[in-house]
Amino acid sequence: MPISSLTKKDLNEIELLLKEYYEEPNHLLNEELRKNSRIDFYRKPGSGIEAFFMTGWGEISIASEKRLLIYLGLSCVNNKFKEKKLASKLYYFFTREALKKQSNIAKPIILFGTTATPVILLTLPKIWDNVEPNLDGSYSKFGGEIIRQIRKEYNLYSAGTEHPFVLKNIAVKIRYSRIERERFKEVCERFNLKTFESLDIDETKGDRMLILCNLPSKENFQNLKNKLFLQNQYA
C-alpha cells in the first residue's frame, strides 16, 4: 500500500515496534517515510502491526537507458514473531509483485539499499540474487558503475569514499539499541564476519554500506516459496 495511506494509528504502532531495535525510533521513522513510497505489513488480528517492509519505487538512467530502481527500505518484525519468518514472507510478497512488474519491461529491475550491519550480506542472498558487495568487500565492474550512478542520483557523493559502496557519517542520529548491537556483534564473531572492519565502516558514527542486488531467478524464487509456504494454501 502507499506510504501516504498510513494512518496515525499505523505510524504509532510502527514506531512502537522500532523501539525494540533503535535508540531514536521517531527520527528513523521520519527519515524512512521520506525515502520510501510503499509499505507492506502484517497486523495480527486484534493486535498492532507486527512486521513491515518499506520500499521506494523509482527510476534511474544507466548508460542512457531508463531502468526501474527499487530502494529496499526499513523492515522490522516483533521479536515474538521472528520464528514465523514474517519478515521473509513480506520480502516474498514484495518480490512476487516486483517480478510481475519486471516481466513487462525489457531490463531487470535494480534493487539497492543501505545497511548498518554486514550481517545483511548473509541473509539477502537467501532472498535476492547477485548481492554486492561480497563478504570481502569486492564487487563487480558493472555493480560499481551502477552504485556510482545511484550515489550521483541520490546526492551521496559527499558522504562517499574511494570504495563506491561505503558511505561515511550519513546517519549519525540513527543507532541500534545496545541489545541489537550486541546481537549483531555475536553473529559477526560466530561467522568471522570482518566486512565492516576491512572497509572502515563504523555504525556508531553513522557510517553505512550500500547494497545492490537483483530479483531472484524463477528457480530461486520457487525455492524461496517452498521454504516459506510449503504447507500454506494461500501462497
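Computed from heavy atoms alone, side chains included, the values below leave out hydrogens, waters and symmetry copies.
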Indicate yes or no: at least one non-hydrogen side-chain atom of Tyr92 is less than 4.5 angstrom from one of Leu228. yes

Is a salt bridge present between Lys101 and Glu97, judged by a nitrogen-to-oxygen distance below 4.0 Å? no

Please step through side chain to side chain contact (heavy atoms under 4.5 Å, CB included) for the pair Val166 and Ile201, ending with a clear verdict. CA-CA 7 Å; Val166 176; Ile201 298 174; 4.0 Å; yes

Side-chain donor/acceptor of Thr195 to backbone N/O of Leu135, under 3.5 Å: yes

List in chain and number order the residues that pass side chain to side chain contact (heavy atoms under 4.5 Å, CB included) with Glu186, two or more places apart in sequence or in another chain; answer none if no residue qualifies. Arg190

Identify whether Trp57 and Met1 are in the same connected component of the hydrophobic contact network (ILVMFWY, side-chain heavy atoms under 4.5 Å). yes

How far does CZ of Phe41 sit from SG of Cys76, to the nearest 0.5 angstrom? 14.0 Å

Verify same cluster id: Leu90, Leu16 (apolar side-chain graph, 4.5 Å): no

How many angstroms lie between atom CG of Leu33 and atom CG of Leu28, to the nearest 0.5 angstrom? 9.0 Å

Starting at CD of Glu197, measure out to SG of Cys188 and round the result to the nearest 0.5 Å. 7.0 Å

Examine Phe142 and Tyr139 and state if one hydrophobic cluster contains both, with Ile, Leu, Val, Met, Phe, Trp and Tyr joined whenever side-chain heavy atoms are less than 4.5 Å apart. yes

Sequence neighbours excluded, the answer for side chain to side chain donor-acceptor pair (under 3.5 Å) partners of Asp136 is Ser138

Please name all residues satisfying side chain to side chain contact (heavy atoms under 4.5 Å, CB included) with Ser103, sequence neighbours left out, ordered by chain then number. none

What I'd like to find out is whether the side chain of Leu74 reaches to under 4.5 Å of the side chain of Leu18, using heavy atoms alone. yes

Can you run down the salt bridge (charged side-chain N to carboxylate O under 4.0 Å, His left out) pairs that involve residues 198-222, sequence neighbours left out, and say none if there aren't any? Lys168-Asp200, Lys168-Asp207

Side-chain polar contacts of residues 112-125 - donor-acceptor pairs under 3.5 angstrom, sequence neighbours left out - could you list them?
unit_1 : atom_1 : unit_2 : atom_2 : d
Thr115 : OG1    : Thr117 : N      : 3.1
Thr115 : OG1    : Thr117 : O      : 2.8
Thr117 : OG1    : Val119 : N      : 3.1
Thr123 : OG1    : Ile120 : O      : 3.2

Has the side chain of Arg151 got a donor or acceptor atom that lies under 3.5 Å from a matching backbone atom of Pro164? yes

Got a salt bridge between Glu180 and Arg183, using NZ or NE/NH1/NH2 to carboxylate O under 4.0 Å? yes

Value for CG (Leu17) from CG (Asn78), rounded to nearest 0.5 Å, stands at 6.0 Å

With rounding to the nearest 0.5 angstrom, report the CD1 to CG distance, Ile3 to Asn36. 5.5 Å

Side-chain heavy-atom pair Ile39, Ile14 within 4.5 angstrom cut-off: yes

Closest non-hydrogen atom pair between Trp128 and Cys213, with its separation: CB-SG, 4.1 Å

Does the side chain of Met54 come within less than 4.5 Å of Leu29's, by heavy atoms? yes

Could you check if a side-chain atom of Ile150 sits within less than 4.5 angstrom of a side-chain atom of Leu212, using non-hydrogen atoms only? yes

Holding to side chain to side chain contact (heavy atoms under 4.5 Å, CB included), I want the full list of residues that pass it with Lys173, two or more places apart in sequence or in another chain. His27

Do any pairs count as a ring pair (Phe, Tyr, Trp, His ring centres under 6.0 Å) and have a residue in residues 177-203, sequence neighbours left out, and if so which ones? Tyr176-Phe184

Which residues satisfy the side chain to side chain contact (heavy atoms under 4.5 Å, CB included) test with Asp129, sequence neighbours excluded? Pro216, Ser217, Asn220

May I have the list of side-chain donor-acceptor pairs in residues 62-72 shorter than 3.5 Å, sequence neighbours left out?
unit_1 : atom_1 : unit_2 : atom_2 : d
Arg67  : NE     : Pro108 : O      : 3.3
Arg67  : NH2    : Pro108 : O      : 2.9

Main chain of Asn223, side chain of Asn226: is a donor-acceptor contact present, judged purely on distance under 3.5 Å? no

Taking the side chain as every heavy atom from C-beta outward, state whether Phe94 and Leu111 have any pair of such atoms under 4.5 Å apart. yes

Please round to the nearest 0.5 Å and tell me the distance separating atom CG of Asn26 and atom CG of Leu11. 10.0 Å

Name all pairs fulfilling the salt bridge (charged side-chain N to carboxylate O under 4.0 Å, His left out) condition that reach into residues 13-30, sequence neighbours left out, sorted by first residue then second. Lys9-Glu13, Glu13-Arg43, Glu23-Arg181

Close side-chain approach of Glu132 to Ile146, heavy-atom, < 4.5 Å: no

Please name all residues satisfying side chain to side chain donor-acceptor pair (under 3.5 Å) with Ser75, sequence neighbours left out, ordered by chain then number. Tyr91

What are the two closest non-hydrogen atoms of Ala98 and Ile109, and how far apart are they? O-CD1, 3.5 Å

Quick check: closest heavy atoms across Pro133 and Phe165, and the distance to 0.1 Å? CD-CD2, 3.5 Å

Check side chain to side chain donor-acceptor pair (under 3.5 Å) between Glu153 and all other residues, then give those that pass, not counting sequence neighbours. Gln149

